[in-house]
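Data first, discussion second: the structure below is written as structure tokens.
Chain identifiers are assigned alphabetically (A, B, ...) following the order of the sequence lines, protein sequences preceding nucleic acid strands; residue numbering begins at 1 within each chain.
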Amino acid sequence: MSYHFNEIEAKWQKYWAEKQTFKAANPGEEGSEKPKFYVLDMFPYPSGAGLHVGHPLGYIASDIYARYKRHKGFNVMHPQGYDSFGLPAEQYAIQTGQHPAVTTAENIKTYRRQLDEIGFSFDWSREVRTSDPNYYKWTQWIFIQLFNSWYNKDSDKAEDISSLISVFEKEGNAGVNAASDDGIEPFTAEQWNAFSSEAQQKILLQYRLTFLSETEVNWCPALGTVLANDEIVNGVSERGGHPVERKKMKQWSMRISAYAQRLLDGLNKIDWPQPLKDSQTNWIGRSEGAMVSFKVLSTGDLPLAPSEGGGTEPRYRTSDSDIYGILLDRAKEMRKNPTLAEAKLWEILKKKGLKVKFRRQHPIFNYIVDFVCIEKKLIIEVDGGIHKYQLNADAERQLLLEQKKGFKVLRFTNEEVLNDIDNVLLKINQELNSPPSEGLGEVPTKGWDIPVFTTRPDTIFGVSFMTLAPEHELVTKITTDAQKAEVEAYVKATAKRSELDRMADVKTISGAFTGAYAEHPFTKEPIPIWIGDYVLAGYGTGAVMSVPCGDQRDYDFAKHFNIAIPNIFEGVDISEEAYADKDKTVIANSDFLNGLPYKKAMKTIIYEIEKRGFGYKKINYRMRDAVFSRQRYWGEPFPVYYVNGLPQMIDPKYLPIVLPEVEKYLPTEDGKPPLGNAEVWAWCTETNQVVDNSKIDNKTVHPLELNTMPGWAGSSQYFNRYMDPHNEGEIFSQDAVNYWQDVDLYIGGSEHATGHLLYSRFWQKFMFDKGLVPKDEFAKKLINQGMILGTSAFVYVLLLKVKTNLNNSFLLEGKTSFKDNDKLTKAIKAPKSLIVSEDVFNDVKEYGKNDLVDEWVEQFENQNEGMKISYSSDRLIRPNLDISLLKGLTDEINKEALLNTLQYSDSVFLEETPYFSQREVEKMSKSKYNVVNPDAICQQYGADSLRLYEMFLGPLEQAKPWNTAGITGVHSFLKKLWKLYHTGENGSFYVTNSPLEGGVGGVEPSSESFKTLHKTIKKVEEDIENFSFNTSVSTFMIAVNELTAEKCNSRAILEPLIILISPYAPHIAEELWSKLGHNTSISTAPFPEFDGSYLVESSKTYPISFNGKMRFTMDLSLDLTKDEIEAAVMAHEKTIAQLAGRTPKKVIIVPGKIVNIVG
RNA sequence: GCUCGAGUGGUGGAAUUGGUAGACACGCUGGACUUAAAAUCCAGUGGACAGUAAUGUCCGUAUGGGUUCAAGUCCCAUCUCGAGUACCA
């Protein structure tokens, strides 16, 4: 009986579906007593093109692992579903008017059929579709949860918004340490309670984890939609090439930035590929540095130098440096011995963290203050204890700190702190909330500060200018009259350039001088303030302190505008370029930093900056909040309606809010999103239903949100929903989530590194904070499968120019037609292109002509009077050729089939000889005509062959080209495997029992066969655990080759063998398993136990090397000692021949490994 | 530019802790079977040189150095390819 794979595979696929073989047990169900294992694939977007052979690669790998874990006794959940909201269906709807739901359902059908044909062990009872209202109900629900939450930086987690409101009611917002919008106005509890509800809502919106904000987007008026950065190519839309402009729009955003640090930290505890972690790290973009404020000097007027009697006070730094060490020591000592009151207040200041950071016993100028908030320039002193330092100078000190340095000093007595702490706190709060006093700064200013963020505060003495982004708000304020024209012209010029232009054109250096100067906080030297578009308004503060010697961009800018480039690095030449190395840096020309290496200089300078009160240590993140609105139809609608322009959440019990029907899927004429076309899209607060727009009265019926959610909304929690997919009362039961916990193995493409995988982690952490999930990372282990590449074919084409020199001719439908007295007399179809060989192609390319072509042209012209054909080297093309137009699996072009295609119907082959296409490895894609469809492979070779071959191609994570020809190898392996079990008469099934199993006349398998089996068990088990599936396929081949040679037909060998192979080739395994007499599925048969005793060897074939080069091998007993081995080797005739009389200097013997003779 | 990954026969790729480089396949060559083809089976197959042959010698894991008795594997430098990212201060 031969191996009829089509029948076998269909039979078992039907069996699995009917018996629900792969249904995973939830808690309480039979099977849930087993340990759980959750294997997940990144679910697919069901595109119209269906699957190609690259898609199932990861699914096959995860399926093998899932099946292996079932053999190992786990309750395995291996679900599958569809990420079925998406742009292609919407585009198709716009073009054809077909509802996206319809096309999506059709595509899913194709996907399902294809997936079933490959024999995956998915638990289809858990299937989810993101576009199914029963599913997106919960996506909407999560959105509401996010809306009702804020991020408390003190507890470092998300909390319900009600906890924030109660803080506001009691003490206003000063003490709140939250992730929020910038620039929130401070208010007290009284103010809060007096605010109108609307005012309160507006304030709360600034704290919520999902919030409305004005976001700058890439607006494409022609498409009526917002485009992602990668949808824009060269400043125009990728699709259609329409112009794109920057536009501000009110959109929903997610406060993912609140989780930046936790998202970073979490990477350490998950087993994900390093490149993926790196790109997330990169994306989050944490940088440590300092905020430093530079004062703007009165514009135009340079301050007089101290020697000229100017306003700057004597350089206090010198004395600082002298007492610096003393101060520090004292401060440390005092921190160890706080007074009772100090300790109490510190506990509160530290823990309550009044949004700002306080330091205790901190040196400020020449003093040590009790508590200081450097950011807010607030000093708190507690009196009554013995001031060990400056005992009688409180008044003088306060004068200096307040009047000269711009600090506010609050004083409390010990009693106040100990007995009336609330009042103390209130005063502190009030002070923190009051607008910063203009103060009596020591330098005449107009009160403007330019804060900058720098990662290299250690290079602050190298600052020779400052650069502001052209959009910086201070630009217009500080520019002097003389520079006004130039600056304005520059600002205008940059505004015209799009973000992309600016990014693309990095080389051009441009900028303008404002005429204003800032004061260097240490040297007090004036430094010129420039503007330049290399500074981005959106990052940091939109301003930089420029250190040309240490930053290449600053260097180039300085060179271009002839600004000084002071060198502050010891022993470094900066005449050619900036020196950005950190590790080898030694600072010079920098006052108290001189001679310090990078790390020490950083510590010292940050300490100094904080002490002197013009800056503080700061950690910055590059990651921005994620925009969550899309101006599309085919996405989740928001559960949001608007009252007086303010968003209101719909009560979760009325979810889902179902996507409305629209006439057309385009934006409305006035630029509203497609949902603006919906006629029934308003919310009635009385009936709690979606009602007709005509009923909108803004009292009980309100307009609903017109945007929809982005693609990542539905995929950010689907892995948890799989745990309890049909639950209608909650997103998933706590029972289910506590049983399944998290994904044990997640397999998918690396293209999701910073999208899906970052947002999912964010939502998971949020759900964790809310106590909904037990793990704050959703996937323990993740593997990126490599792409399977296609092998494209190319054809060489010479385009022809056809002319006629007869004046009564014209071109019609690709033919040259001739007419006489309005009658068509004849029509000659002239080929438009000539398909040539590579040689001819290259000939024409190089010389502009070729003899064979000339010959053909001459012949054609002779046969067709009046026709003129010309060609040239610039009319050569090399288009992709559809690989279905090749003969079988060869590179030979099927000429007839090619000429029958529309594209080449006007072409002619130059020569009669066979043509061969050139092959090249490229991404597999429809547009490159190199797609290989798995259906055809399953038809011709079977799903088991496809599965094995996809694994056999190479390591899972690596990209590799597909070559269908190679599949014959694994296919003949399966045939050999089949034969191994069919050694009876006429190829009938034949297996012998061994005597131990009670079979009378049974045969004990040979020790070789046992050895083969057990080394296979060992290797395959190791391979699966290491996700090295390609090597286990080889191992199977070796095992079957060996067992065939050994003529093994023992059940004791063949039964365990088929379990080993079952995860890889499940259909043939089930068939052989049932033939072996089992009447249940092989899927939960226990994995064979490895027994090392079968592999124990008594001897080893030693490689005998001379000077490291292997010369011959020798079989030696493993019992021999080193000396005995040496004696045996030295006595060998080949050893004597190799040595040729020389005496070896040394003999290296590693028992069981190798012998190496040196000399 | 920066970060990460990878370079092994004609091809896909093997090679535990450094210990017989090229497993297993594809392809190719030769043979068996066949009228023939397909399928199947058998043998050979990194390169160069010597020999009728068995066999032997030399060269070989991107390039150049180094460590070691021994390097595809470890170290240093360079080149090439791929992925991600980018005026991120």
Between [X] ([atom1]) and [N] ([atom2]), how many Å, whole number?
X         : N     : atom1 : atom2 : result
A/Asn282  : B/A83 : CG    : C1'   : 13 Å
A/Trp962  : B/G27 : CH2   : P     : 14 Å
A/Ile788  : B/G13 : CD1   : C1'   : 14 Å
A/Leu974  : B/U40 : CG    : P     : 13 Å
A/Phe1112 : B/U57 : CZ    : P     : 11 Å
A/Asn1026 : B/A14 : CG    : P     : 13 Å
A/Gln940  : B/A39 : CD    : C1'   : 13 Å
A/Leu758  : B/G84 : CG    : C1'   : 14 Å

When the [atom1] atoms of [M] and [N] are compared, how many Å lie between them, rounded to an integer?
N     : M     : atom1 : result
B/U11 : B/A23 : P     : 15 Å
B/U85 : B/C76 : P     : 28 Å
B/U73 : B/U68 : P     : 16 Å
B/C87 : B/G82 : P     : 22 Å
B/G64 : B/A83 : P     : 28 Å
B/G13 : B/A6  : C1'   : 14 Å
B/A21 : B/C2  : C1'   : 36 Å
B/G22 : B/G10 : C1'   : 14 Å

Donor-acceptor check, side chain of [X] to backbone of [Y], threshold 3.5 angstrom: yes or no?
X         : Y         : value
A/Arg1111 : A/Phe1106 : no
A/Tyr534  : A/Ile509  : no
A/His971  : A/Ser945  : no

Identified pairing partner of [N], criterion: Watson-Crick or G-U wobble below 3.5 Å:
N     : value
B/A71 : none
B/U80 : B/A6
B/A54 : none
B/U61 : none
B/U45 : B/G27
B/A39 : none
B/U34 : none
B/G18 : none

Would you indicate which nucleotide in [options] comes nearest to any side-chain atom of [X]?
X         : options             : value
A/Lys960  : B/G12, B/U20, B/C26 : B/G12
A/Ala965  : B/C69, B/C26, B/C87 : B/C26
A/Thr455  : B/C69, B/A89, B/A21 : B/A89
A/Met1110 : B/A89, B/C4, B/A21  : B/A21
A/Gln958  : B/U20, B/U3, B/G13  : B/G13
A/Lys1100 : B/C4, B/U20, B/A89  : B/U20

Check: protein-nucleotides 22-25 of chain B nitrogen or oxygen pairs below 3.5 Å:
from, atom 1, to, atom 2, distance (Å)
B/A25, OP1, A/Asn1041, ND2, 2.8

Check the phosphate of [N] against [X], side-chain N and O only, distance under 4.0 Å to OP1 or OP2. Yes or no?
X         : N     : result
A/Lys975  : B/U40 : yes
A/Gln552  : B/C87 : no
A/Gln280  : B/U85 : no
A/Ser287  : B/A89 : yes
A/Arg1111 : B/G56 : no

>> Do the side chains of A/Lys1011 and A/Glu1097 get close enough for a salt bridge, i.e. N-O under 4.0 angstrom?
In response: yes
> Would A/Glu1008 and A/Lys1047 pass as an ion pair if we require N to O under 4.0 Å?
Replying inline: no
Base, sugar-phosphate alone, or nothing: which one does [X] contact when heavy atoms must sit under 4.0 Å apart?
X         : result
A/Ser1105 : nothing
A/Glu1022 : nothing
A/Ala753  : nothing
A/Gln1138 : sugar-phosphate

> RNA chain B: A/Lys979 or A/Val1150, which has the more 5' nearest nucleotide?
Replying inline: A/Val1150
> For A/Gly540 and A/Val1158, take the nucleotide of RNA chain B holding the closest heavy atom to each; which residue's nucleotide lies nearer the 5' end?
Replying inline: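 Nearer the 5' end of the strand: A/Val1158.
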>> Taking the side chain as everything from C-beta on, heavy atoms only, tell me whether A/Pro955 gets closer than 4.5 Å to A/Asn1030.
In response: yes
> Partners of A/Thr1035 by side-chain contact (heavy atoms from CB on, under 4.5 Å), sequence neighbours excluded?
Replying inline: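 So A/Thr1035 forms a side-chain contact (heavy atoms from CB on, under 4.5 Å) with A/Thr1016, A/Lys1019, A/Val1020, A/Asp1023.
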>> Holding to side-chain contact (heavy atoms from CB on, under 4.5 Å), I want the full list of residues that pass it with A/Pro275, two or more places apart in sequence or in another chain.
In response: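 Result, side-chain contact (heavy atoms from CB on, under 4.5 Å) vs A/Pro275: A/Pro273.
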> Strictly under 6.0 Å, is that where the ring centroids of A/Phe5 and A/Trp978 end up?
Replying inline: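 Ring centres of A/Trp978 and A/Phe5 not closer than 6.0 Å.
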> Aromatic ring centroids of A/Tyr3 and A/His982 under 6.0 Å?
Replying inline: no
>> Using O4'-C1'-N9-C4 for purines and O4'-C1'-N1-C2 for pyrimidines, with syn meaning within 90° of 0, is B/G72 syn or anti?
In response: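 Here the answer is anti: the torsion falls beyond 90° from 0.
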> Should we say atom CH2 of A/Trp272 is surrounded by more than 12 heavy atoms from elsewhere, each under 6.0 Å from it?
Replying inline: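 Check passes, neighbour count above 12.
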> Do the side chain of A/Asn1156 and the base of B/C69 come within less than 3.5 angstrom through a donor-acceptor pair of N or O atoms?
Replying inline: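 A donor-acceptor contact between them is present.
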